[in-house]
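Here's the structure we're looking at; comments come further down.
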There are 2 protein chains.
Amino acid sequence: MDKTDKTGGVPVPTVADVAAAAGVSTATVSRCLNSPGVVSEKTLKKVLEAVDRLGYAPNFSARALASNRTNMIGAIIPTMENAIFARGLQAFQEELQKNGRTLLVASSSYRSDLEEEQIRALTARGADALLLIGYHRDSRLYEFLEKRRIPYVVAWAYDPAKPHLSVGFNNRAAMRQLADEVIGKGHRKLACISADTAENDRARERVNGIRDAMEAAGLDPASLDIIETSYAIDAGDAAFRALVGAKTPPTAVICGNDVLAVGALRAALALGMNVPEDVSITGFDNIELAGLAPVPLTTVHVPHRRMGQFAAQALLAALGGTPPPHSTELPAELCLRATLARAPAG
Amino acid sequence: MDKTDKTGGVPVPTVADVAAAAGVSTATVSRCLNSPGVVSEKTLKKVLEAVDRLGYAPNFSARALASNRTNMIGAIIPTMENAIFARGLQAFQEELQKNGRTLLVASSSYRSDLEEEQIRALTARGADALLLIGYHRDSRLYEFLEKRRIPYVVAWAYDPAKPHLSVGFNNRAAMRQLADEVIGKGHRKLACISADTAENDRARERVNGIRDAMEAAGLDPASLDIIETSYAIDAGDAAFRALVGAKTPPTAVICGNDVLAVGALRAALALGMNVPEDVSITGFDNIELAGLAPVPLTTVHVPHRRMGQFAAQALLAALGGTPPPHSTELPAELCLRATLARAPAG
DNA sequence: TTGTAAGCGTTATCAC
DNA sequence: GTGATAACGCTTACAA
């Protein structure tokens with residue numbers, strides 16, 4: 001009953017072969033592999049021996065078709081180029097691997113239209129569950145996932161008001177904390193370099209956090225200069241130059257992530273400015289780069305690995321029938337280094 | 001014929017539903033989707049309309065089972081935490097996504113036993129083709145892939161003597177070029193911080209490149225101090241401290257990658273040494289960190305995105321029946337920055 | 001150009 | 001505890 005695959009490959013054994021070799025039915029073989037507890041000691045041994053001898057490995061497509069689960073879990077992330085996502089994804093994958101699941105990856109390039117496409121693509125591919133980044137997406141998509149009973153977890157964000165299972169931190173509160181610190185150093189004229197806030201709720205919430213801090217300190221939130229740009233070092237560089245070229249340049253530039261901040265820092269140094277004496281710069285994420293920049297970056301530490309790991313565990317629980325954990329807020333902590341100092345006098 | 005999925009989800013339409021709705025057979029529906037050229041204009045229209053109306057999406061498990069291909073391509077990489085692999089993988093994934101394929105990811109943590117496990121796991125999961133990093137692996141694995149007729153491409157390395165389809169650069173020659181440069185600056189006492197060379201052929205070849213350069217310059221390759229360690233900043237830091245603590249400390253420390261080099265640089269600065277006046281340090285990879293380090297790093301630029309992209313194209317060609325491209329060597333170029341200078345006198 | 005029907009390799013439902 | 005056998009949803013000869 002061996003089958004040569006159509007490309008002319010080597011014959012690959014099937015359950016039928018194992019059944020024949022062990023002198024049992026295919027049903028029994030299947031049982032031995034899936035619920036060993038329910039077969040007799042000796043048939044189990046006989047079958048496993050045959051499995052071993054033939055080098056049998058179940059065909060996953062067939063198994064998926066028959067059991068209606070693929071044991072694959074999808075992740076749709078903006079990009080793997082950002083070290084934060086890459087590491088979170090790595091942790092996520094390790095946890096899945098440990099539990100016999102395989103990771104399916106797609107990227108949205110920070111675009112919600114592409115994200116939607118990928119969500120549909122991965123579910124069509126049979127992903128049993130999904131990891132999503134951030135809350136912002138059309139409600140149709142959430143409905144789609146609910147209807148299809150596909151468990152998902154939103155990571156990189158945490159908002160108790162949202163109905164979705166999620167793991168992350170409060171982007172707004174974290175940034176607020178950092179902005180409080182900045183304002184506490186006497187800075188009154190603030191600027192911000194952010195990613196596009198329209199489609200990126202993490203970016204939006206971070207900007208809101210800055211405004212919260214300004215308001216609380218009696219500053220006019222409307223006075224915050226914002227430049228929205230892509231997440232790239234060169235973009236941060238260019239945005240910084242634009243900001244300091246203004247009539248009343250900021251004394252502190254708060255960046256939406258470390259990549260932008262490093263770009264801003266590079267621009268500042270290139271312009272001959274001293275950091276933090278002439279201008280303070282802050283980042284967000286605490287990627288490795290942050291601690292190793294020419295002037296070590298003040299930033300917010302994000303628990304990327306723990307988010308990835310927790311997300312995996314949550315989905316595995318949901319799939320296993322165990323009640324999945326509640327949404328969980330992980331701490332994002334201030335990471336004070338050298339790029340933030342008191343505002344220059346005057 | 002709608003089917004409610006077993007978890008109580010919403011009914012999901014099948015070919016039979018579409019066939020019924022369009023008043024054709026299931027075979028015709030399948031043809032409309034897979035080889036639209038072979039059906040009549042009007043049936044095509046009728047069927048697609050039905051597909052659309054019902055929101056039909058083919059079940060991939062069933063399709064995979066019937067057609068013996070999953071349209072999934074696997075990648076087994078040491079880790080996504082290394083920016084170089086993350087970016088190469090991102091490029092690889094983008095190219096696959098563009099061609100309707102999905103990426104399956106597994107990581108080996110730089111361990112060949114785990115890599116073998118993952119290769120078997122991903123092929124068992126039905127990966128149509130595989131991306132592998134480096135040549136070093138048991139020949140049984142290569143035989144396994146050949147026997148199963150599973151196309152694979154070796155990336156991050158290029159050796160014309162090897163029989164495998166590959167895309168990458170000559171690690172040995174690239175490092176030799178860098179070492180030539182180092183020796184050309186008058187350095188005679190060299191040291192090297194490398195990843196484990198036993199299971200990592202890229203690391204091994206890089207060390208060999210250093211030895212080649214030494215030999216060519218009349219230096220004794222055996223005089224090269226080597227510390228093998230893991231790829232981490234702290235590891236580079238510790239290794240550097242060990243090296244400069246020796247009776248005859250090196251004037252140049254050549255590191256196996258940028259992460260190690262940045263760690264070494266950090267240690268040097270922490271020890272109060274001037275770089276490159278007191279000691280030269282070089283890296284490999286040219287990750288973003290390299291150009292932004294406290295002292296910009298002299299390193300070797302690796303074409304990560306192009307490797308990922310090429311690898312994807314090669315596998316797609318192999319799967320499509322098109323003759324896959326030949327193994328291709330991409331240039332890895334010297335990237336001279338500030339951490340390399342003439343050896344201190346004496 | 002279209003339809004019929006036989007797989008694809010499992011799992012799962014029944015009887016026994 | 002085990003064995004027949006019917007799904008699972010699609011692709012693909014082969015016929016018409």
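This structure is a prediction, so every number in the text was calculated from the model and none was measured. In what follows, chains are A, B, ... by sequence order, proteins preceding strands, each numbered from 1.
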Exercise for the section: Name the nucleic acid region contacted by B:Ser40, choosing base, sugar-phosphate or nothing; use a 4.0 angstrom heavy-atom cut-off, strictly under. Expected result: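 Touches sugar-phosphate only.
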Exercise for the section: Give B:Val29 one of three labels, base, sugar-phosphate or nothing, depending on what nucleic acid heavy atoms sit under 4.0 Å from its own. Expected result: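 Here B:Val29 touches no strand at all.
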Expressed in angstrom and rounded to an integer, what is the separation of [X] atom [atom1] from [N] atom [atom2]?
X       : N      : atom1 : atom2 : value
A:Arg69 : C:dG9  : CZ    : P     : 22 Å
B:Asp17 : D:dG9  : CG    : P     : 9 Å
B:Leu33 : D:dC10 : CG    : P     : 9 Å
B:Leu65 : C:dT11 : CG    : P     : 12 Å
A:Lys46 : D:dT2  : NZ    : C1'   : 10 Å
A:Leu54 : C:dG9  : CG    : P     : 15 Å
A:Asn68 : C:dA12 : CG    : P     : 10 Å

Practice task
Please determine if B:Arg306 forms a cation-pi arrangement with B:Phe310, meaning its NZ or CZ atom is less than 6.0 Å from the six-membered ring centre and no more than 45° off the ring axis.
Solution key: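 No, B:Arg306 does not sit over the ring of B:Phe310.
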Looking at [Y] and [X], is there a salt bridge between them, counting it only when a charged N and a carboxylate O are closer than 4.0 Å?
X        : Y        : answer
B:Arg140 : B:Glu143 : no
A:Glu115 : A:Arg120 : no
B:Lys46  : B:Glu49  : no
B:Glu116 : B:Arg111 : no

Problem - Closest-nucleotide 5' rank along DNA chain C - winner of B:Thr28 and A:Arg31 - result: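 Per heavy-atom nearest nucleotide, the more 5' residue is B:Thr28.
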Problem - Test item: A:Gln90 side-chain N/O and B:Met80 main-chain N/O as donor-acceptor pair under 3.5 Å - result: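 Yes, the answer is positive, given that a donor and an acceptor are paired below the 3.5 Å cut-off.
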Practice task
Please confirm whether the backbone N or O of B:Ser166 pairs with a side-chain atom of B:Ser327, one donor and one acceptor, at under 3.5 Å?
Solution key: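 Confirmed, B:Ser327 side chain pairs with B:Ser166 backbone.
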Which nucleotide, [options], lies nearest any side-chain atom of [X]?
X       : options              : answer
B:Asn34 : D:dT2, D:dT11, C:dT4 : D:dT11
B:Thr43 : C:dG3, C:dT1, D:dT2  : C:dT1
A:Arg63 : C:dT1, C:dT11, D:dA4 : C:dT11
A:Ala62 : D:dG3, C:dG9, C:dA12 : C:dG9
B:Ala27 : D:dT11, C:dT2, C:dG3 : C:dG3

Practice task
Have a look at the helix from C:dT1-D:dA16 to C:dC16-D:dG1 and give the angle its two end axes make, five pairs each, rounded to 10 degrees.
Solution key: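 Here the helix ends are tilted 30° relative to one another.
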Considering only distance and modelled atom types, tabulate donor-acceptor pairs under 3.5 Å from the side chains of residues 152-163 of chain A, sequence neighbours left out.
{"from": "A:Tyr152", "atom 1": "OH", "to": "A:Glu146", "atom 2": "OE2", "distance (Å)": "2.9"}
{"from": "A:Tyr152", "atom 1": "OH", "to": "A:His164", "atom 2": "ND1", "distance (Å)": "2.8"}
{"from": "A:Asp159", "atom 1": "OD1", "to": "A:Ala161", "atom 2": "N", "distance (Å)": "2.8"}
{"from": "A:Asp159", "atom 1": "OD2", "to": "A:Lys162", "atom 2": "NZ", "distance (Å)": "3.3"}

OP1 or OP2 of [N] under 4.0 Å from side-chain N/O of [X]:
X       : N      : result
A:Thr14 : C:dG9  : no
A:Ser30 : C:dT11 : yes
B:Ser67 : D:dT11 : no

Exercise for the section: Could you pick out which residue, A:Thr26 or B:Asn59, lies toward the 5' side of DNA chain D when each is mapped onto its nearest nucleotide? Expected result: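 Here A:Thr26 is the residue nearer the 5' end.
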